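Everything quoted here is computed from the prediction, not taken from an experiment. Every chain is numbered from 1 and lettered A, B, ... according to where its sequence line falls, protein lines coming before strand lines.
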Amino acid sequence: MARPVTPSFRERVYALVRSIPEGRVMGYGHVAAALGNPGAARQVGYGMAALPPETDVPWHRVIHSDGSLATKGDPVRLVVQRGLLMREGLQFRRDRLDMAAVGWVPATG
DNA sequence: ATAATGACTGAAT
DNA sequence: AATTCAGCCATTA
């Protein structure tokens, strides 16, 4: 089956996001930097936008670098994401997460 | 090949 | 602390 020998940036994003443990979150820029492209934060979010609703990628664990959530002009999706995060035990502080506490860095625990 | 797009980010106001 | 502006770069047409 068509499996690219050189996985696209998006593929790498999905793989990393899938490896984010429950109760932890990562910023778009952090994901991009972990993939070796510290300037491709927007591409990370763009990849999330292309995810189907039945995806196995925990896209809700990827948020803004400042701990807030992305809206993309769809406030409904925002509420859903917040619910998913709270369901994992994350605490919101005025519609924002404490990245210093719940922020996760791969290969470091 | 070029141009437009966009779940972002950091600095300045 | 909140808002605004310009830069960034992979994907799509």
- Can you list the residues that meet the salt bridge (Lys or Arg N to Asp or Glu O under 4.0 Å) rule with A:Arg96, with sequence neighbours excluded? none
- Message: Suppose clustering is done on Ile, Leu, Val, Met, Phe, Trp and Tyr with side-chain heavy atoms closer than 4.5 Å. Which residues sit in the same group as A:Val102?
- Response: A:Val25, A:Ile63, A:Leu69, A:Leu78, A:Leu85, A:Met86, A:Leu90, A:Phe92, A:Leu97, A:Met99
- Of all of residues 86-103 of chain A, which get a heavy atom below 4.0 angstrom from DNA chain C, listed by number? A:Arg94, A:Arg96
- Query: How would you label the contact of A:Gly45 with the nucleic acid (heavy atoms, under 4.0 Å): base, sugar-phosphate, or nothing?
  - Reply: base
- Query: Tell me, do A:Asp56 and A:Arg18 make a side-chain contact under 4.5 Å, heavy atoms counted?
  - Reply: yes
- Message: Can you measure A:Met48 atom CE to B:dA7 atom P for me and round it to whole angstrom units?
- Response: 13 Å
Within the sub-3.5 Å range, which N or O atoms of nucleotides 2-5 of chain B have a protein N or O partner, and how far apart are they?
none

- Members of residues 61-72 of chain A that approach DNA chain B, where some heavy atom sits under 4.0 Å away: A:His64, A:Ser65, A:Ala70, A:Lys72
- Any side-chain heavy atom of A:Pro58 within less than 4.5 Å of one from A:Glu22? no
- Note on the structure: Sequence neighbours excluded, the answer for side-chain hydrogen bond (donor to acceptor under 3.5 Å, both in side chains) partners of A:Arg10 is none
- Check side-chain hydrogen bond (donor to acceptor under 3.5 Å, both in side chains) between A:Arg12 and all other residues, then give those that pass, not counting sequence neighbours. none
- Query: Looking only at heavy atoms, what is the nearest atom pair of A:Ala41 and A:Ala32, with distance?
  - Reply: N-CB, 3.8 Å
- Query: What residues form a side-chain contact (heavy atoms from CB on, under 4.5 Å) with A:Pro52, not counting sequence neighbours?
  - Reply: A:Glu54, A:Thr55
- When you list every nucleotide of DNA chain C with an atom under 4.0 Å from a heavy atom of chain A, which one comes first 5' to 3', and which comes last? C:dA2 to C:dT12
- Starting from the 5' end of DNA chain C, give me the residue, A:Phe9 or A:Arg42, whose nearest nucleotide shows up first. A:Arg42
- Query: A:Gly47 and A:Tyr14: which non-hydrogen atoms are nearest, and at how many Å?
  - Reply: O-OH, 2.8 Å
- Query: Transitive ILVMFWY cluster of A:Val76 at side-chain heavy atoms under 4.5 Å: who else is in it?
  - Reply: none
- Item | Point-to-point distance, once rounded to the nearest 0.5 Å, from NZ of A:Lys72 to CD of A:Gln81 | 12.5 Å
- Note on the structure: Rounded to whole Å, the CZ-P distance (A:Arg10 to B:dA7) equals 11 Å
- Who passes salt bridge (Lys or Arg N to Asp or Glu O under 4.0 Å) against A:Asp66, sequence neighbours left out? none
- Message: So, using side-chain contact (heavy atoms from CB on, under 4.5 Å) as the criterion, who are the partners of A:Ala70 when residues are at least two apart?
- Response: A:Tyr28, A:His64, A:Arg77
- Item | Gap between atoms CE and P, on A:Met26 and B:dT9 respectively (whole Å) | 12 Å
